[in-house]
Amino acid sequence: MKSKKLRVNKKYGIWYYTKYKDTDMEFYVYEVTKDDKTESYTLGNYQDVISCVKEPTKELREKYERIYG
């Protein structure tokens, strides 16, 4: 699947996401990746994607992966 650029404020940097259909659970899963590929997270909904990217530190962003990663 092709990644899409995430549209958030420029101060959060450039991020991309890919939306996958989880065939076992019948819902979508989002993989979000920083443009320099230093960080990547697997999240369960689009709102978590936005919230994760807005966090100021890597440690705080990692908490969003608690269920899906």
Side-chain angles (χ1 to χ4, degrees):
M1 286 195 129
K2 185 177 179 184
S3 294
K4 295 181 181 180
K5 188 173 184 179
L6 191 61
R7 298 176 192 268
V8 291
N9 192 313
K10 289 180 183 180
K11 71 180 179 179
Y12 301 116
I14 299 171
W15 293 79
Y16 295 91
Y17 75 94
T18 306
K19 182 177 174 181
Y20 298 99
K21 176 84 172 195
D22 185 322
T23 55
D24 294 335
M25 301 295 282
E26 297 292 326
F27 63 89
Y28 289 100
V29 175
Y30 296 84
E31 182 179 345
V32 62
T33 307
K34 199 168 186 175
D35 68 333
D36 62 4
K37 298 187 180 15
T38 58
E39 296 180 56
S40 181
Y41 305 100
T42 304
L43 306 166
N45 64 55
Y46 190 76
Q47 186 57 45
D48 279 353
V49 169
I50 299 298
S51 298
C52 177
V53 168
K54 288 183 176 181
E55 291 292 349
T57 66
K58 182 178 180 177
E59 290 76 22
L60 291 173
R61 286 189 286 273
E62 288 173 347
K63 74 180 179 180
Y64 285 91
E65 217 176 16
R66 65 190 175 276
I67 298 172
Y68 310 100

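Quick caveat: nothing in here was measured; it's all calculated off a predicted structure. These values consider heavy atoms only, across backbone and side chains, with no hydrogens, waters or symmetry-generated copies.
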| query | Nearest 0.5 Å, what's the CG-CG distance between D35 and L6? | reply | 11.5 Å
If you take all heavy atoms of [X] and [Y], which pair is closest and at what distance?
| X | Y | answer |
| --- | --- | --- |
| T42 | E65 | N-OE2, 3.0 Å |
| L43 | V49 | CD1-CA, 3.6 Å |
| C52 | R61 | O-CG, 2.8 Å |
| G13 | V8 | O-CG2, 4.4 Å |

| message | Holding to salt bridge (Lys or Arg N to Asp or Glu O under 4.0 Å), I want the full list of residues that pass it with E55, two or more places apart in sequence or in another chain. | response | K63
| request: Can you sort out the partners of K54 under side chain to side chain contact (heavy atoms under 4.5 Å, CB included), two or more places apart, ordered by chain and number? | output: Y12, I50
| task | Using the six-membered ring wherever Trp is involved, compare the ring planes of Y30 and Y17 and label them parallel, tilted or perpendicular (cut-offs 30° and 60°). | result | tilted
| remark: The side chain to side chain contact (heavy atoms under 4.5 Å, CB included) partner of Y16 among K34, K5, K37 is K5
| field | salt bridge (Lys or Arg N to Asp or Glu O under 4.0 Å) partners of residues 10-19, not counting sequence neighbours, each pair once | value | none
| Among all residues two or more places apart in sequence or in another chain, which pass the side-chain hydrogen bond (donor to acceptor under 3.5 Å, both in side chains) test with T38? | D36
| Can you list the other members of the hydrophobic cluster that holds L60, where links are side-chain heavy atoms under 4.5 angstrom apart? | none
| request: Tell me yes or no: between the side chains of E39 and Y41, is some donor less than 3.5 Å from an acceptor? | output: yes
